Amino acid sequence: MLRSRYRQHGLFLMLILACVSAHGFGHGSRTASVLAELVKLRPGWRLVLSTALPASFLELALGPVPHEQRPCRWDVGVIQADALGADPAATLEALEELERALPDQLEREASWLVEQGEPALVLGDVPPAAAQLAGRTGLPLVWLASFGWDAIYGPMAADPQLEPDQAKRFADWAEHCRTLYRCGDLLLRCPLALPMPWDLPEQAIGLTSSSPRLDLADLAQRLQLPPDRQSCVLISFGGMGFPLDPALLARWPDHVFLGPDPAMTAAPNGRLLPPGVRPLDAMPLIGRLITKPGYSSFCEALSQDVGIHLVHREGFAEAAVLEADLQRIGWHRLLSQEQLRRGDWQLDQPLLPPTGTPLPTQGAAEAAAAIVTLAEERSAVPMYLRRTIG
């Protein structure tokens, strides 16, 4: 029988197709943390990332985890003017362009899944169109999310600076996304979350973060870092980065700064993260992180006991939630964009304590276990195979 072909040592083998937003690197980092735990539980499963994220980023994020990539753009997110600002008009244009391209992509990717002839499950983080792909193929669908684009486009529609036509288009997109998010078998509700009223079975999980992979003593020597991690500061603004004048580092001669921006090396106390080194890999060596609101950055810093100097961000609904949650769960200081630009980073001030209790940090393992349970309960056999299984 066909069913026996998909067993190895008593376990089903199956394909996990992760449809991952390329809005920023945070979605990819979160999915990578979950897949790294999944492969520990089911090392024989086939992991395929369907995303427009760069292959170089995926290789770095997943490290030794075996995986494949299918270059697909499933969502737009928000087009950004820079790491701290949104471009609503460009976002609407990109949404409409993607909508024209999606039918051909859905047909192609559904056909590819059929050709694999394998039991499979779709994991969405968090493109709404993942629901359309799962619907076409009859596959189980799991959302891994701290928000959906419905929770982003809805507030953008209420922006009084938008033209009425633009506001209506954002409202329509919010409703369209919410309709698709209500298709699925399970919502893995990440912490630091916006409302997700999707009427699905759900499981709350803890912080999702991968683990540092490098020898810390060797990394500290390569970067010439002082032994006191409190004098080491990481500056990281995600995939887009944020241009800062390296002369600002001179305002803090008692600190060493490291980050992905090559311009930092123009300052004597600036260090460039070497190729193949993630910000996460350096976090056990640093005391503070200067960054924008970002789910995965928060998860990584909080899991490594790093204080966060958070730069205020406008025009993105998640930012306000993350800023409020940080004050509740993490050691922190809050900076305005003007303070960032002039170098007033408050590194000489003590971190402010959280007002609440820390969050659990085993969310990636919890998510992986939930995916395994659902996949094996459903057998994750595609609609086009079920008729032939005895």
Side-chain angles (χ1 to χ4, degrees), residues 13-72 121 123-125 142 144 188 190 205-223 225 234 236-239 241 258-260 271-286 289 291 294-306 361-372:
L13 296 181
M14 58 188 66
L15 186 159
I16 303 298
L17 183 74
C19 296
V20 184
S21 174
H23 163 78
F25 287 168
H27 297 273
S29 295
R30 175 165 62 196
T31 297
S33 73
V34 172
L35 296 183
E37 294 296 327
L38 183 60
V39 79
K40 295 177 185 178
L41 299 175
R42 298 293 183 268
W45 287 13
R46 182 181 175 192
L47 307 180
V48 180
L49 287 103
S50 183
T51 181
L53 286 167
S56 57
F57 166 78
L58 295 176
E59 292 291 338
L60 185 58
L62 285 154
V65 176
H67 65 279
E68 305 165 41
Q69 181 181 2
R70 290 189 62 77
C72 292
L121 176 146
L123 176 65
D125 185 1
V142 175
L144 174 67
L188 293 172
C190 298
I205 60 176
L207 297 172
T208 52
S209 174
S210 297
S211 300
R213 291 197 289 256
L214 302 181
D215 181 275
L216 294 177
D218 175 70
L219 184 59
Q221 184 177 21
R222 277 198 283 163
L223 293 172
L225 300 181
L234 176 65
S236 179
F237 285 88
L258 61 155
R271 307 285 189 271
L272 176 65
L273 283 176
V277 177
R278 303 168 297 169
L280 172 62
D281 294 321
M283 283 186 180
L285 301 173
I286 67 165
L289 165 68
T291 191
Y295 170 87
S296 287
S297 296
F298 277 25
C299 287
E300 292 171 357
L302 292 168
S303 71
Q304 298 301 317
D305 297 320
V306 174
T361 60
Q362 300 303 312
E366 294 165 348
I371 291 168
V372 167

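All of these numbers come straight from a predicted model, not from anything done at the bench.
- Separation of atoms CD1 (Ile16) and CG (Leu47) is listed at 7.0 Å; rounding is to 0.5 Å.
- Residues Phe237 and Pro260 form no side-chain contact, since every pair of their non-hydrogen atoms from C-beta on lies 4.5 Å or further apart.
- Here the side chains of Leu38 and Val372 are in contact, with some heavy-atom distance below 4.5 Å.
- Environment of CD in Gln362: sparse, with no more than 12 heavy atoms of neighbouring residues, nucleotides or ligands closer than 6.0 Å.
- Contact detail for Leu285 and Ala220: the closest heavy-atom pair is CD1-N, 3.9 Å.
- Here the closest non-hydrogen pair linking Arg278 and Ala61 is NH1-O, 4.0 Å.
- Closest heavy-atom contact between Leu144 and Ala367: CD1-CB, 4.4 Å.
- Scanning both residues, Asp281 and Leu216, for their nearest heavy atoms gives O-CD2, 3.7 Å.
- Atom CD of residue Gln304 and atom OG1 of residue Thr361 lie 9.0 Å apart, to the nearest 0.5 angstrom.
- Residues Ile205 and Cys190 have side chains in contact (heavy-atom distance under 4.5 Å, counting atoms from C-beta outward).
- A distance of 12.0 Å separates CG in Leu53 from SG in Cys72, rounded to the nearest 0.5 Å.
- With rounding to the nearest 0.5 angstrom, the OG atom of Ser209 is 4.5 Å from the CD atom of Glu300.
- Nearest heavy atoms, Pro64 versus Arg213: CD-CD, 4.1 Å.
- To the nearest 0.5 Å, atoms CZ (Phe298) and CG (Leu207) are separated by 11.0 Å.
- Between Phe57 and Phe25 the shortest heavy-atom distance is CZ-O, 3.4 Å.
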Test side chain to side chain contact (heavy atoms under 4.5 Å, CB included) applied to Leu13 and Arg46, step by step: CA-CA 8 Å; Leu13 296 181; Arg46 182 181 175 192; over 6 Å; no
Thr51 and Leu58: CA distance, side-chain angles, deciding distance, side chain to side chain contact (heavy atoms under 4.5 Å, CB included) verdict: CA-CA 10 Å; Thr51 181; Leu58 295 176; 3.8 Å; yes
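- One N or O on the side chain of Ser33 and one on the backbone of Arg30 form a donor-acceptor pair closer than 3.5 Å.
- Between Val306 and Leu234 there is no side-chain heavy-atom pair separated by less than 4.5 Å.
- Note that the CD atom of Gln221 and the CG atom of Asp215 stand 9.5 Å from one another [nearest 0.5 Å].
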Steps toward side chain to side chain contact (heavy atoms under 4.5 Å, CB included) verdict (Ile371, Leu188): CA-CA 9 Å; Ile371 291 168; Leu188 293 172; 4.1 Å; yes
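- Residues Leu273 and Pro279 have side chains in contact (heavy-atom distance under 4.5 Å, counting atoms from C-beta outward).
- At least one side-chain heavy atom of Leu62 sits under 4.5 Å from a side-chain heavy atom of Leu49.
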Side chain to side chain contact (heavy atoms under 4.5 Å, CB included) between Leu280 and Met283, intermediate numbers included: CA-CA 5 Å; Leu280 172 62; Met283 283 186 180; 4.3 Å; yes
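- Side-chain atoms of Thr208 never come within 3.5 Å of backbone atoms of Gly363 as a donor-acceptor pair (strictly under, hydrogens ignored).
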